[in-house]
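Every chain is numbered from 1 and lettered A, B, ... according to where its sequence line falls, protein lines coming before strand lines.
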Amino acid sequence: MSTTRARQYWLMKSEPDEASIDDLAEKGTLPWTGVRNYQARNFMRDQMRIGDGVLFYHSSCPEPGIAGLAEVCSQPYPDPTQFDPESDYFDKASKPEDPRWSLVDVRFVGKSALIALPALREHEALADMVVLRRGNRLSITPVTAAEWRFITGKLMK
DNA sequence: GCCAACGTTGGC
DNA sequence: GCCAACGTTGGC
């Protein structure tokens with residue numbers, strides 16, 4: 001018997017040059033490769049469940065912001081790029097018998113009109129969003145159910 | 001290109 | 001375990 005828990009929500013940053021919401025729409029699903037930060041890894045490895053909601057965020061680009069919706073669609077598994085010497089994400093200290101980096105696959109749900117970063121900051125309801133905190137650099141951050149409802153219900157309407 | 005913020009590394 | 005140096009992220 002499996003334990004159930006309420007659906008949880010996440011914001012995941014991607015540089016559109018590497019993987020944009022259009023790339024995800026075209027491919028259907030994408031493995032979330034390249035995370036090399038322990039906190040972000042732990043979210044994927046230890047806390048995400050299939051079906052969790054994902055705000056797909058474009059970062060390090062001319063117009064940073066939320067570009068669409070996705071959902072977690074796999075269990076966590078080792079990021080194959082960590083073992084590939086040709087990859088930018090190669091980690092020579094990580095051994096296949098004890099992988100350091102995990103990821104999940106995400107599935108395209110929908111593209112939205114871009115909700116740009118300054119627009120996100122306008123809303124009192126989003127004042128405490130982790131991604132909006134000063135100095136935040138985490139590429140994966142938790143989103144509360146209230147924030148999710150506000151963004152998907154009000155801002156994407 | 002700048003720089004604030006913060007994670008990681010490594011000497012001690 | 002401390003902490004300075006260094007590297008990276010990511011908005012501007």
Side-chain donor-acceptor pairs of residues 16-25 of chain A under 3.5 Å, sequence neighbours excluded:
from	atom 1	to	atom 2	distance (Å)
Glu18(A)	OE1	Tyr89(A)	OH	2.8
Glu18(A)	OE2	Tyr89(A)	OH	3.3
Ser20(A)	OG	Asp22(A)	N	3.2
Ser20(A)	OG	Asp23(A)	N	3.1
Ser20(A)	OG	Asp23(A)	OD2	3.3
Asp22(A)	OD1	Lys111(A)	NZ	2.9
Asp22(A)	OD2	Lys111(A)	NZ	3.3
Asp23(A)	OD2	Ser20(A)	N	2.9

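Using a 4.5 Å cut-off between side-chain heavy atoms of Ile, Leu, Val, Met, Phe, Trp and Tyr, Tyr57(A) falls into a hydrophobic cluster with Tyr9(A), Leu11(A), Leu55(A), Ile66(A), Leu69(A), Val109(A), Ile115(A), Leu117(A), Leu120(A), Leu126(A), Met129(A), Val131(A), Leu132(A), Val143(A), Trp148(A), Phe150(A), Ile151(A), Leu155(A), Met156(A).
Remark: Ala146(A) engages Thr144(A), Arg149(A) in a side-chain contact (heavy atoms from CB on, under 4.5 Å) (not counting sequence neighbours). Residues forming a side-chain contact (heavy atoms from CB on, under 4.5 Å) with Pro80(A) (at least two apart in sequence, or on another chain): Tyr77(A), Leu103(A).
Within the structure, the salt bridge (Lys or Arg N to Asp or Glu O under 4.0 Å) test picks out the following pairs touching residues 83-96 of chain A (sequence neighbours left out): Asp91(A)-Arg100(A).
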In the 5'-to-3' direction, what one-character label does each nucleotide of nucleotides 1-10 of chain C receive under the scheme B = base within less than 4.0 Å of a protein heavy atom, S = sugar-phosphate only, - = no such atom? ------BBBB

